[in-house]
Amino acid sequence: MSATLEFISMFWCIMLFPTLHAVILDTESKSSSSPIANLTLNPRKLKLTWDSSVTVTEYSCSMHVGLHMAKKTVYNKTCMFNTELAQPIHKGALFQVQAMYNHTSYSAEVRFIPQGMNGTSVENFSCVIYNISFMNCTWKAGRNAPEDTKYFLFLKYPKEDEQECPHYIRDALGRHIACSFQDVKDIKEKVYFLVYGSSNELEIQFYDEYIDLYKIEKLTPPSNITVNCSEEQLQCTVQWKQPHLSHLEGNTAECFEYQIEIRNNANPEESSTESHTVTRRSYTFQNYNGKKKYNLQIRAKGDTCRISENWGEWSEPIEFGNPDDTVLTATIVLLLIALGTILVALVIFFLCKRYCSLKKLFSPVPQPKNKFDELFQLSDKNIQRECMDLPPTKYETEEITTVEEIK
């Protein structure tokens, strides 16, 4: 079964352009003696071939699509328009070959006329490359396309075979309306896109377009953004690195233009936004107010070189300024630490009170002996002992005689 599907896919790739609904009208020069004959067109390769009854060393071939014309000179009976010259042919095209012989101009032409009902080809076709190597293509079903219409997207790099979309997205009716490619390569190349349709009710018109892949790339945001502010100088220096590119090497610093958006996140009545465009990878923000909070975003686009001129993705917001918030945050952290410490102490206290003895936990610390106290205590005891050992004192009786004078 897998081999069968691979064969069918290969068959569709080979038969991609021959199965397009178109009419090719061959119109030779009005002169019946024109040496140019059997002019044929290979729509798949945009290749013209012809015969000539005379020897002509130089031919001029041209391709006309609307108001656009591509012209080249060849020196044999083959002319092929490469992707740099080619134009989409879903609205029809005119191919001409001219030559000079014996001072007479001869020409032949062939018209490519697409078939199918108007309004059945896809509408609003667009593609975008993001994240360097991913590509999404979207479209809407033709306004007159039947419900059973099936669309298939093919793309072709120069000098490579066609490849079909690997992952389709369907609408409510099951019709393909989008496609995603992974690992897109050679973004610097111009690639041919073809959306082919089929239905059991009507012939479906095809849609084709040539796209320079680098033009549809959505650039990644600048990286490594830093902001250094000085309250003394009232300014901030912003620096960053350029978006990453896969298709350019060497010094590409001068290839970008940057848009810097700085928002003052004050209250809604005082908030403001400043937007600046620079070509360097640094910017100096003036009138910095350290008491305010700011948001910074940067995006890039190509200024020169082969880089998309569409604005890329915004960087993530970078906040700076407003030190009050820092102080407040530090205060909250300290309060939380203090509360946590108190709670831990209370838990330990209640656990110890419940499960262990405080006396065991907080046993008294032994004190060193005081030599002087012991000495004084011994001295007092000796004195008391000496006092107790003294012999009792003998008291003598004293006689008192009273003498009176007689008159």
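Positions are given from 1 along the sequence. If you're wondering where the values come from, they're calculated on a predicted model, not measured in any experiment.
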Would you say that [X] contacts [Y] through its side chain, given a criterion of any heavy-atom pair below 4.5 Å between the two side chains?
| X | Y | answer |
| --- | --- | --- |
| Ser107 | Gln96 | no |
| Gln87 | Tyr210 | no |
| Val238 | Ile298 | yes |
| Ser198 | Ile204 | no |
| Phe95 | Val97 | no |
| Ser308 | Lys218 | no |
| Met63 | Leu85 | no |
| Cys165 | Phe181 | yes |

Look only at the side chain of [X] and the backbone of [Y], and say whether a donor-acceptor pair between them is shorter than 3.5 Å.
| X | Y | value |
| --- | --- | --- |
| Ser315 | Pro221 | no |
| Ser230 | Gln233 | yes |
| Gln205 | Gly116 | yes |
| Thr104 | Asn102 | yes |
| Asp208 | Ile89 | yes |

Any chance you could lay out the side-chain contact (heavy atoms from CB on, under 4.5 Å) test for Leu245 and Tyr214, step after step, and finish with the verdict? CA-CA 10 Å; Leu245 297 174; Tyr214 77 89; over 6 Å; no

Could you grab the distance from atom [atom1] of [X] to atom [atom2] of [Y], nearest 0.5 Å is fine?
| X | Y | atom1 | atom2 | answer |
| --- | --- | --- | --- | --- |
| Thr226 | Gln239 | OG1 | CD | 5.0 Å |
| Lys215 | Asp212 | NZ | CG | 4.5 Å |
| Ile187 | Ile129 | CD1 | CD1 | 4.5 Å |
| Glu160 | Leu155 | CD | CG | 9.5 Å |
| Gln242 | Asn224 | CD | CG | 11.5 Å |
| Ser60 | Met100 | OG | CE | 11.5 Å |

Considering non-hydrogen atoms only, spot the tightest contact between [X] and [Y] and give its length.
| X | Y | answer |
| --- | --- | --- |
| Trp240 | Arg280 | CZ2-O, 3.1 Å |
| Glu257 | Thr277 | OE2-CG2, 2.8 Å |
| Lys156 | Val191 | O-CG1, 3.4 Å |
| Tyr75 | Thr57 | CD2-O, 3.3 Å |
| Tyr288 | Gly321 | OH-CA, 3.4 Å |

Under 6.0 Å between ring centres, would you say that holds for Tyr283 and Tyr258? no

Look at the aromatic rings of Tyr59 and Trp50 and report parallel, tilted or perpendicular, splitting at 30° and 60°. perpendicular

What is the ring orientation for His90 with Tyr207, classed by angle as parallel under 30°, tilted 30 to 60°, or perpendicular over 60°? tilted

Could you point out which residue of Glu313, Glu316, Arg263 forms a side chain to side chain donor-acceptor pair (under 3.5 Å) with Gln297? Arg263

Run Phe285 and Ile260 through side-chain contact (heavy atoms from CB on, under 4.5 Å) and show every step you take. CA-CA 10 Å; Phe285 173 54; Ile260 305 166; over 6 Å; no

Show me the donor-acceptor pairs within less than 3.5 Å that the side chains of residues 146-153 make with the rest of the protein, sequence neighbours left out.
unit_1: Asp148; atom_1: OD1; unit_2: Ser199; atom_2: OG; d: 2.7
unit_1: Asp148; atom_1: OD2; unit_2: Ser199; atom_2: OG; d: 3.4
unit_1: Asp148; atom_1: OD2; unit_2: Asn200; atom_2: N; d: 3.0
unit_1: Thr149; atom_1: OG1; unit_2: Pro146; atom_2: O; d: 2.8
unit_1: Tyr151; atom_1: OH; unit_2: Thr120; atom_2: O; d: 2.7
unit_1: Tyr151; atom_1: OH; unit_2: Gly142; atom_2: N; d: 3.1

Answer yes or no: is the gap between the SG atoms of Cys137 and Cys127 smaller than 2.5 Å? yes

So, Cys229 with Cys236, SGs under 2.5 angstrom? yes

How about [X]: does its [atom1] atom have over 12 heavy atoms from other parts shown lying under 6.0 Å from it?
| X | atom1 | answer |
| --- | --- | --- |
| Gln235 | CD | yes |
| Lys91 | NZ | no |
| Lys72 | NZ | yes |

Go through the steps for Tyr157 and Leu213 under the test side-chain contact (heavy atoms from CB on, under 4.5 Å), then give the verdict. CA-CA 10 Å; Tyr157 284 89; Leu213 294 185; 3.7 Å; yes

List the atom pairs, with distances to 0.1 Å, where a side-chain N or O of residues 299-306 and a protein N or O form a donor-acceptor pair under 3.5 Å, not counting sequence neighbours.
unit_1: Arg299; atom_1: NE; unit_2: Gln259; atom_2: OE1; d: 2.8
unit_1: Arg299; atom_1: NH2; unit_2: Gln259; atom_2: OE1; d: 2.8
unit_1: Thr304; atom_1: OG1; unit_2: Glu254; atom_2: O; d: 3.3
unit_1: Arg306; atom_1: NH2; unit_2: Lys188; atom_2: O; d: 2.6

I'd like to know whether Trp139 forms a side-chain contact (heavy atoms from CB on, under 4.5 Å) with His176, so could you lay out the CA-CA distance, the side-chain angles of the two residues, the decisive distance to 0.1 Å, and finally the verdict. CA-CA 9 Å; Trp139 60 85; His176 298 160; 4.1 Å; yes

